[in-house]
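First comes the structure, then the notes that go with it.
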Amino acid sequence: MTGPVLGTRPRTALMYNYYLGGKSWSGVDAQAAMEVVRSSPDAPAVARENFKFAGRAAAWAVAEFGIGQVLDIGVGIVHDVPLDSVEKCVRAVAPQATVLAYDNDPVVRAHARAWRPGYGGVLGGDIRDLDSILRHPDAGDLLDLTAPTAVVLAAILHFVADPAAVMAGLREHLAPGSVVVVSHATSTDTEQGRVDDMTEAYEEASSPIRFRTEAEIRELADGWRIVTPPGLVDVQNWSVDGARRYTPYETVRVLGMAAVLPEASAAVEVAHGVG
């Protein structure tokens, strides 16, 4: 595979690749992405900040909690993006960590086979069906669900109709001490016309986008303990030391958080607003 992938409808993963400065997109993907950019000129910059947030937060979780396995779900096409991937960021702090990548788009998996055989491959899996990820036969002995896991859901849940069900499923399946890294497009403090334009641009894509309010995104962490500081913040500002203090982008916002799965007794307190 040596050039852009042809398609008849925009694919969200290829649109994202376009924002990030990659080359793995076709004309229809670029056209849809440019429609978003016309309405929200900040979109490529926010996409890059989101990509960097995912790697930064995943690496922090692995280093902070000694986690040895990472699931990068909805990995997209990263081989030609001029930024450090989740895998690279994690291996910089934990060279022996297991990093498993998943995506439900066959085009993404085809790119991975052609360009990144050393990545360990991208496994087929859909976040809406956790068994397809957590019990994937090709993961074999690489994934131990009795041990804490870091799960990266970067810019994925805004393509899911019921993200609360996803977060609840992860709570049920993962071991205490696991960390989830989440980012999500928000309608809070974003001009409604821009939200409408971006939503329309994704209507014909492989996955329509759903903007949610800051409060709705925060509620996704029900039963988890949001790491505070920094809490739920614009992705470019996520850092536990509080050193990142950038002005929010004007035309589109993506919020990010890391949240820890507490022990069962602590989870009851978190659910009731304690801690």
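Both backbone and side-chain heavy atoms feed into the values below; hydrogens, waters and symmetry mates do not. Being a predicted model, the structure only gives us computed values, none of them experimental. Heads up: numbering here begins at 1 and tracks the sequence.
- Asp241 and Ser239 share a donor-acceptor pair across their side chains, judged by distance under 3.5 Å alone.
- The side-chain heavy atoms of Pro208 and Glu203, taken from C-beta on, include no pair separated by under 4.5 Å.
- Within the 4.5 Å cutoff, side-chain heavy atoms of Val179 are placed close to those of Phe65.
- Looking only at side-chain heavy atoms (C-beta outward), Phe159 and Ile209 come within less than 4.5 Å of each other.
- Ion pair Asp103/Arg109 not flagged as a salt bridge, since none of the NZ, NE, NH1 or NH2 atoms sits closer than 4.0 Å to an Asp/Glu carboxylate oxygen.
- Checking side-chain atoms of Ser85 against main-chain N and O of Val78 turns up no donor-acceptor pair under 3.5 Å.
- Here the closest heavy-atom approach between residue Arg11 and residue Ser206 is recorded as CA-OG, 3.4 Å.
- When all heavy atoms are compared, the tightest approach of Ser26 to Leu14 is N-CD2, 4.4 Å.
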Q: Give the C-alpha distance, both sets of side-chain angles, the deciding distance and a yes or no for side-chain contact (heavy atoms from CB on, under 4.5 Å) between His173 and Asp131.
A: CA-CA 9 Å; His173 286 85; Asp131 278 347; 4.0 Å; yes
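- Between Asp234 and Arg253 there is a salt bridge, since a side-chain N of the basic residue sits under 4.0 Å from a carboxylate O of the acidic one.
- A donor atom on one side chain and an acceptor atom on the other are found under 3.5 Å apart for Ser24 and Asp80.
- Transitive grouping of hydrophobic side chains (ILVMFWY, heavy atoms separated by less than 4.5 Å) keeps Tyr246 and Leu83 in distinct clusters.
- Considering all non-hydrogen atoms of both residues, Gly125 and Tyr102 come closest at CA-CD2, 4.5 Å.
- Val152 places none of its side-chain heavy atoms less than 4.5 Å from the side chain of Ile73.
- Side chains of His184 and Arg212: a donor-acceptor N/O pair is present below 3.5 angstrom, by distance only.
- With a 4.5 Å cut-off on side-chain heavy atoms, Leu20 and Arg48 count as touching.
- Counting only heavy atoms from C-beta outward, the side chains of Leu143 and Leu100 approach each other to under 4.5 Å.
- For the pair Tyr18 and Met34, the tightest heavy-atom approach, listed with the atom from each and the gap, is OH-CG, 3.3 Å.
- A donor-acceptor pair under 3.5 Å links the side-chain atoms of Arg9 to the main chain of Ala205, judged by distance alone.
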Q) Could you walk me through whether Thr146 and Asp144 pass the side-chain hydrogen bond (donor to acceptor under 3.5 Å, both in side chains) check? A) CA-CA 5 Å; Thr146 67; Asp144 178 7; 2.6 Å; yes
**Q.** side-chain hydrogen bond (donor to acceptor under 3.5 Å, both in side chains) assessment of Glu214 paired with Thr186
**A.** CA-CA 6 Å; Glu214 183 171 342; Thr186 184; 5.8 Å; no
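- Residues Met257 and Val227 have side chains not in contact (no heavy-atom distance under 4.5 Å, counting atoms from C-beta outward).
- The main-chain N or O of Asp42 is found under 3.5 Å from a side-chain atom of Thr251 such that the two form a donor-acceptor pair.
- Remark: side-chain polar atoms of Arg135 are not paired, donor with acceptor, to backbone N or O of Ser132 under 3.5 angstrom.
- Without hydrogens or angle criteria, Arg210 side chain to His158 main chain gives no donor-acceptor distance under 3.5 Å.
- Screening Val180, Leu71, Leu170 against Thr149 for a side-chain contact (heavy atoms from CB on, under 4.5 Å) leaves a single residue, Leu71.
- When atom types are taken as modelled, the side chain of Asp29 and the backbone of Thr12 share no donor-acceptor pair closer than 3.5 angstrom.
- The ring of Trp25 has its center no closer than 6.0 angstrom to the ring center of Tyr19.
- Ring geometry, Tyr16 versus Phe51: the interplanar angle falls from 30° to 60°, so the pair is classed tilted.
- With hydrogens and angles disregarded, a donor-acceptor distance shorter than 3.5 Å links the side chain of Arg171 to the backbone of Asp222.
- In terms of heavy-atom proximity, Ala13 sits nearest to Asp105 at CB-OD2, 4.3 Å.
- Between Asp162 and Arg128 there is no side-chain heavy-atom pair separated by less than 4.5 Å.
- For the pair Glu64 (side chain) and Ala61 (backbone), a donor-acceptor distance under 3.5 Å is absent.
- For the residue pair Asp196 / Thr199, no side-chain donor-acceptor distance below 3.5 Å is found, with atom types taken as modelled.
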(Q) Apply side-chain contact (heavy atoms from CB on, under 4.5 Å) to residues Arg245 and Gln236 and explain how you reach the verdict. (A) CA-CA 8 Å; Arg245 299 176 181 272; Gln236 65 271 24; over 6 Å; no
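- Of all heavy-atom pairs between Val81 and Ile77, the closest is CG2-O, 3.6 Å.
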